[in-house]
Amino acid sequence: MEARTGRRSFDARRTGGGVIDPYVTLGVARDADAAAIKAAYRKVVKTAHPDSGGDTEQFARLQAAHDLLKDPVRRKIYDDTGYDPQLADPRDLKGLMILETLVNDVILDEREPGSFDPVAAMRRKLSDDIVKSRFHILELERHRSRVRNHIGRLGKRPDTDVLGSMLRARSDSITDAIHTAQTQIEVIEQAYAMLDGYAYELDLLSKAAE
């Protein structure tokens with residue numbers, strides 16, 4: 001991940017090599033049209049193909065780059081975010097969705113750029129959301145404990161256990177909600193990590209007012 005942009009071109013585990021930029025890999029400009037991308041791929045792939053003595057990993061990177069850039073939807077997502085939906089870690093993509101919402105909040109903020117630190121605001125919002133989710137989990141765990149206590153004290157009818165079944169279903173539902181909240185915390189933490197390396201320059205008057 002680059003320190004200033006937070007972008008990562010490809011997952012090296014999926015492409016068989018280091019992190020790459022598809023445009024650089026094919027040697028095309030970022031505004032290249034489909035014909036230029038196709039022509040560039042055909043040119044470089046001739047010598048890169050393993051049957052022609054080329055390197056297998058390099059050939060795989062070329063294919064991955066071409067597959068991404070020839071798909072207009074994947075290319076648009078990559079151009080906007082620096083991530084490819086088919087190659088990126090799913091956690092990164094979910095983190096991007098959270099950051100997208102925060103970026104929209106910054107865009108809608110009426111304050112003058114430089115008068116406040118939007119990156120710091122994003123970090124505070126993410127930290128607050130993590131704290132809220134953890135408190136929510138504690139509440140759910142206490143509630144589940146009470147339900148399980150009721151189940152342990154409930155006498156069962158010999159033919160059926162309607163109340164017991166209902167309470168167990170409620171306990172299972174709470175457990176699912178806990179798992180969902182824990183997963184959400186992981187996603188928020190991922191979004192927070194994606195802000196690493198960013199700094200925002202405030203106006204001198206704004207700094208003095210702090």
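Note: Arg134 CZ to Glu139 CD = 16.0 Å, rounded to the nearest 0.5 Å. The CD atom of Glu189 sits 10.5 Å away from the CD1 atom of Ile98 when rounded to the nearest 0.5 Å. Summarising the geometry, atom NE2 belonging to His136 is positioned 10.5 Å from atom CG belonging to Leu138; distances are rounded to the nearest 0.5 Å. Taking CZ of Arg146 as the start and CG of Leu167 as the end, the distance is 13.0 Å to the nearest 0.5 Å. Atom-to-atom distance recorded for Leu126:CG and Ile188:CD1 is 7.0 Å, nearest 0.5 angstrom. For the atom pair Ser171 OG and His143 NE2, the distance stands at 9.5 Å (nearest 0.5 Å).
Under the 4.5 Å side-chain heavy-atom criterion for ILVMFWY residues, a single connected hydrophobic cluster contains both Leu195 and Ile107. Hydrophobic clustering (side-chain heavy atoms under 4.5 Å, transitive across Ile, Leu, Val, Met, Phe, Trp, Tyr) groups Val119 together with Leu202.
Between Pro113 and Asp203, the shortest heavy-atom contact is O-OD2, 3.9 Å. Residue Lys125 comes nearest to Asp129 through the heavy atom pair NZ-OD2, 2.8 Å, listed as atom of the first residue, atom of the second, then distance. Nearest approach of Glu57 to Asp55, heavy atoms of both residues: N-OD2, 3.1 Å. Leu140 approaches Ile174 most closely through the heavy-atom pair O-CG2, 3.4 Å. The nearest pair of heavy atoms linking Arg61 to Thr25 is O-CG2, 4.0 Å. Annotation for Ala65 and Leu26: closest pair CB-CG, 4.0 Å, computed over non-hydrogen atoms.
The side chain to side chain donor-acceptor pair (under 3.5 Å) pairs that include a residue from residues 94-105 number zero, where partners must be two or more places apart or lie in different chains. Counting only residues at least two apart or on different chains, no side chain to side chain donor-acceptor pair (under 3.5 Å) pair has a member in residues 34-46.
Environment of CZ in Arg144: crowded, with over 12 heavy atoms of neighbouring residues, nucleotides or ligands closer than 6.0 Å.
Between Asp80 and Lys76 there is a salt bridge, since a side-chain N of the basic residue sits under 4.0 Å from a carboxylate O of the acidic one. Residues Arg168 and Asp161 are paired through a salt bridge, judged by an N-O separation under 4.0 Å between the basic side chain and the carboxylate.
Side-chain N or O atoms of Tyr192 include none that pairs as donor or acceptor with a backbone N or O of Met122 at under 3.5 Å.
Inspection of the Tyr23 and Asp31 side chains reveals no N or O donor paired with an N or O acceptor under 3.5 Å.
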